[in-house]
Amino acid sequence: MPRCNDAVADLLQEYADLIAITGGEPFKVRVYEKAARSVGGYVQDLSALDEAGLRRIPNVGQSIAAKIEEYLRTGAIHQLEELRAKVPAGVRRLIDVPTLGPKKAMVLYEEVGVRSVEDLEAAIHAGRLQGLHGFGPKTEDNLLHGIALMHKTGARVRLDAAMEVAEAIVAALSDVPGCVRCAYAGSLRRMKDTIGDVDVLATADDSAALMAALPGLPAVAEVIAHGETKTSVRTDTGLQVDLRVVTPGSWGAALQYFTGSRAHNIRTREIAVHKKLKLSEYGLFDVVTGDSIASTDEEDVYGRLGLPWIAPTLREDAGEIEAALAGALPRLVTAGDIRGDLHTHTVLTDGLASLEEMAEAAAARGYAYYAVTDHAPGLSMQRMTDAKALEQRELVRALDGALGGMRLLHGIELNIGPDGDVDWPPGFLDGFDLCVASVHSHFGQSRAEMTARLVRACENPHVNIVGHPTARLIGRREPVDADWAEVFAACARTGTALEVNAFPDRLDLPADLIRLAAGAGVVFSIDTDAHAVPHLAHLRYGIGTAQRGWLTPEQVINTWPLDRLRRFLRKGRRTR
DNA sequence: GCCGTTTTCGGCCCGACTGTTTTCAGTCG
């Protein structure tokens, strides 16, 4: 189940959306949005807090604390219910369409009677928006494109959202009497960047108790199918969950089968056929005698096929079978290899926690080093100044080594301007231990412009890491268009690392581009881009993405010892 | 509705971009 904080954050965000749609006070909208973010990123669980505790959360005052209390006590907020009564749920979903905000959503609802995204699409095709003030032909095109983008990701959900649901269900089912083992499989175990449905596998001698338990879990809204060994449900967030139960002796074969991918499974079954064997979810069998040869664990199943165990993140039939047969599988980077996070924020710009709080949490994760990289002034809304950066540096130096020996690096997240230049001149950049540089604007440049822009950033002797290189937001913004081969060549030539941003709505670079870049000799930094303490735990998604890109620890700069990392960060600088 | 080197009221991030306008509203980051 999502944390209570997340549920409250969702409600506050919904309240903000509904105020905006109904034309409420703009300041009020921002306050509720800020409160939602603060609550979502707050370390302590809300349900453990009293009124005074709630009010200590930034941007939560008397009124919002009262609403949170009401929710914790009754499960609802009456002011929110009143707004919900005024605005159909589908109208709120309209603002999820890129380029469609609250104002236009309300016009569409009041003037044309549009009550959902589907209504909007139909209205555009029927020409019912023509003549409507503020809706010209270009707007219609943009809306249709936005809707198409939404449909493309379709019902797929973000990796972290699926993970939360899966982990809660696995935990609950593991406690069911008779359950021997339980785990999630499918695309979630392969760490794909979006998840269509959650596959859960369990073993038990008698499946009945597990079949009965799943529909009764609190997050379940609807039972789609209900049989003896398979039950499918839909959660209250609309995510489909399939539970499959096999006997304990079939665990390995079933886990292999349900982890997939389909293409990988076809390959492994072909190998079985050539060996006069049959591979199914129940085991690996001798075709002639029908005897079970292997089934209890995955290593055994792969081993009897003549293969080493293959990490789930590689199972896409993207060369892993050939590599396995040749004994050439990579030693994949793991969370345990990571010595530090090199892209993080604090309250100095748009983070939610102080430098001390972030650093303490990083030290608690056992990091040897940790870089603070707040936004540079080019992102004007963040109001960074030279003085603020220098002041923060003193704080960083004072804390350096003080938290369990963890070394602190003072970094910055620069903005790569339209022409590839960055926020500060070389003289000022010399003072930072490292510079991440990212695209935050002008996403629609042509391929030639964007390529030149990124190459120029790499050629800057102060730019160490290109942050979230494609700038995609999963389901919301397409990656920028660039000649990636040229960009990767520039990275390799100049000693510039590419980021594997672990934030679940980014996962950027994406895995396919990671493999291409690695082939060009590029090195990487797996970072969380954390804006709050809980975000530091997103590292796992960056690790999963890096593994899907076949990365080894050697190719990841933040697995390196600090002295080696520092040599890399020196790049083409004049000093240090 | 929150907050405080502007401190219990008055201000709240702000500039770029787009599409639609003919001077501006809406959206985005």
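Here the structure is a predicted model, which is why all the values come from computation and not from measurement. So that the names make sense, note that chain A is the first sequence line, chain B the second, and so on, each numbered from 1.
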Asker: Students often mix this up, so state it plainly: with edges at 30° and 60°, are the rings of A/H535 and A/H538 parallel, tilted or perpendicular?
Answerer: parallel

Asker: Please tabulate, one pair per line, all N/O donor-acceptor pairs under 3.5 Å involving side-chain atoms of residues 503-517 of chain A, not counting sequence neighbours.
Answerer:
unit_1: A/D505; atom_1: OD2; unit_2: A/R476; atom_2: NH2; d: 2.9
unit_1: A/D508; atom_1: OD1; unit_2: A/T470; atom_2: N; d: 3.1
unit_1: A/D508; atom_1: OD1; unit_2: A/T470; atom_2: OG1; d: 3.0
unit_1: A/D508; atom_1: OD2; unit_2: A/T470; atom_2: N; d: 3.1
unit_1: A/D508; atom_1: OD2; unit_2: A/T470; atom_2: OG1; d: 3.1
unit_1: A/D508; atom_1: OD2; unit_2: A/A471; atom_2: N; d: 2.8
unit_1: A/R515; atom_1: NH1; unit_2: A/A318; atom_2: O; d: 2.8
unit_1: A/R515; atom_1: NH2; unit_2: A/A318; atom_2: O; d: 3.4

Asker: Just how far, in rounded Å, is C1' of B/dG26 from CD1 of A/I95?
Answerer: 13 Å

Asker: Under 3.5 Å between N/O atoms: give me all the protein pairs with nucleotides 9-11 of chain B, atom names plus distance.
Answerer:
none

Asker: Please tell me which of the listed nucleotides, B/dG1, B/dG26, B/dC12, lies nearest to the side chain of A/R30?
Answerer: B/dC12

Asker: Could you state the atom-to-atom distance from CG of A/D96 to P of B/dC28 in whole Å?
Answerer: 10 Å

Asker: Answer with yes or no whether the side chains of A/D529 and A/H468 bring together a donor and an acceptor at under 3.5 Å.
Answerer: no

Asker: Between B/dC17, B/dC12, B/dG26, which nucleotide has the shortest distance from any of its atoms to the side chain of A/F27?
Answerer: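 From the listed options, B/dC12 comes nearest.
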
Asker: Choose from B/dC17, B/dG19, B/dG29 the nucleotide whose nearest atom is closest to any side-chain atom of A/H442.
Answerer: B/dC17

Asker: What does A/Q62 touch in the nucleic acid at a heavy-atom separation under 4.0 angstrom: a base, only the sugar-phosphate, or nothing?
Answerer: sugar-phosphate

Asker: Could you check which of B/dG26, B/dG29, B/dG1 has an atom nearest any side-chain atom of A/S63?
Answerer: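 Of the options given, the side chain of A/S63 lies nearest B/dG1.
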
Asker: Before giving the answer on side-chain hydrogen bond (donor to acceptor under 3.5 Å, both in side chains), spell out for A/K67 and A/S63 the whole-Å C-alpha distance, their side-chain angles and the decisive distance to 0.1 Å.
Answerer: CA-CA 6 Å; A/K67 289 184 174 71; A/S63 172; 3.0 Å; yes

Asker: List, with names and distances, any nitrogen or oxygen atoms from the protein found under 3.5 Å away from nitrogen or oxygen atoms belonging to nucleotides 20-24 of chain B.
Answerer:
unit_1: B/dT20; atom_1: OP1; unit_2: A/G136; atom_2: N; d: 2.6
unit_1: B/dT20; atom_1: OP1; unit_2: A/G136; atom_2: O; d: 2.9
unit_1: B/dT20; atom_1: OP1; unit_2: A/P137; atom_2: N; d: 3.3
unit_1: B/dT20; atom_1: OP1; unit_2: A/K138; atom_2: N; d: 3.4
unit_1: B/dT20; atom_1: OP1; unit_2: A/T139; atom_2: N; d: 3.1
unit_1: B/dT20; atom_1: OP1; unit_2: A/T139; atom_2: OG1; d: 3.0

Asker: Quick one: A/L143 CG to B/dT27 P, roughly how many Å, whole number?
Answerer: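 These atoms are roughly 10 Å apart.
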
Asker: Across the strands shown, which category fits A/P102 at heavy-atom distances under 4.0 angstrom: base, sugar-phosphate, nothing?
Answerer: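 Counting heavy atoms under 4.0 Å across all strands, the contact made by A/P102 is with sugar-phosphate only.
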
Asker: When rounded to the nearest 0.5 angstrom, what is the spacing between CD1 in A/I465 and CG in A/L414?
Answerer: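 CG of A/L414 is found 11.0 Å from CD1 of A/I465.
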
Asker: Could you tell me if A/E413 and A/H345 have a donor-acceptor pair between their side chains, going purely by distance under 3.5 Å?
Answerer: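 Yes, A/E413 and A/H345 have a side-chain donor paired with an acceptor closer than 3.5 Å.
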
Asker: If the cut-off is 4.0 Å, is A/R477 near the phosphate of B/dG29, judged by side-chain N/O to OP1 or OP2?
Answerer: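 So the side chain of A/R477 is within the cut-off, an N or O lying under 4.0 Å from OP1 or OP2 of B/dG29.
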
Asker: Kindly indicate, with the supporting measurements, whether the criterion side-chain hydrogen bond (donor to acceptor under 3.5 Å, both in side chains) is fulfilled by A/R453 and A/Q445.
Answerer: CA-CA 10 Å; A/R453 178 184 185 182; A/Q445 285 183 324; 3.0 Å; yes

Asker: Between B/dC28 and B/dT20, how far apart are the two P atoms, rounded to whole Å?
Answerer: 15 Å

Asker: Does a side chain donor of either A/N415 or A/H440 reach within less than 3.5 Å of an acceptor in the other side chain?
Answerer: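 Their side chains do contain a donor-acceptor pair, which is all the 3.5 Å distance test asks for.
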
Asker: Determine the contact category for A/R55: base if any of its heavy atoms lies under 4.0 Å from a base atom, sugar-phosphate if only primed atoms, P, OP1 or OP2 are that close, otherwise nothing.
Answerer: nothing

Asker: In whole Å, what separates the P atom of B/dT6 from that of B/dG1?
Answerer: 25 Å

Asker: Starting at OH of A/Y32 and ending at P of B/dG1, how long is that distance when rounded to a whole Å?
Answerer: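 After rounding, the reported distance stands at 5 Å.
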
Asker: Nearest-Å distance, NZ (A/K67) to C1' (B/dC2)?
Answerer: 12 Å

Asker: Choosing from B/dC2, B/dT27, B/dG1, which nucleotide comes nearest the side chain of A/N59?
Answerer: B/dC2

Asker: Assess the side chains of A/D374 and A/T349: does a donor N or O sit below 3.5 Å from an acceptor N or O?
Answerer: yes

Asker: Which of the following nucleotides, B/dT18, B/dC2, B/dT27, is nearest to the side chain of A/N142?
Answerer: B/dT18

Asker: Please name the nucleotide paired to B/dT8 by Watson-Crick or G-U wobble geometry with both distances under 3.5 Å, or report none.
Answerer: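 Its partner is none (no Watson-Crick or G-U wobble pair with both distances under 3.5 Å).
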
Asker: Between B/dC12 and B/dT18, how far apart are the two P atoms, rounded to whole Å?
Answerer: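 28 Å, rounded to whole Å.
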
Asker: With rounding to the closest Å, how many angstrom separate the P atoms on B/dC13 and B/dG4?
Answerer: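 Between the two P atoms, the distance is 13 Å.
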
Asker: Say you pick atom P in B/dT21 and the same atom in B/dG15; how far apart are they, in whole Å?
Answerer: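 Comparing P positions in B/dT21 and B/dG15 gives a spacing of 26 Å.
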
Asker: Once you round it to whole Å, what is the distance between P of B/dC14 and CE of A/M384?
Answerer: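 So the two atoms are 16 Å apart, to the nearest Å.
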
Asker: Once you round it to whole Å, what is the distance between P of B/dC12 and NZ of A/K34?
Answerer: 11 Å

Asker: Specify the closest pair of heavy atoms between A/M358 and A/A353, including all atoms of both residues, with the distance to one decimal.
Answerer: SD-CB, 3.6 Å

Asker: Going by distance alone, is a donor N or O of one side chain under 3.5 Å from an acceptor N or O of the other, for A/T496 and A/K571?
Answerer: yes

Asker: Please measure how far the C1' atom in B/dA16 lies from the corresponding atom in B/dG11, and state the result in whole Å.
Answerer: 24 Å

Asker: Nearest heavy atom decides the nucleotide; on that basis, is A/P418 or A/V107 closer to the 5' end of DNA chain B?
Answerer: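 Nearest nucleotide further toward 5': that of A/P418.
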
Asker: Figure out the CD/P separation between A/E413 and B/dG29, and round it to whole Å.
Answerer: 14 Å

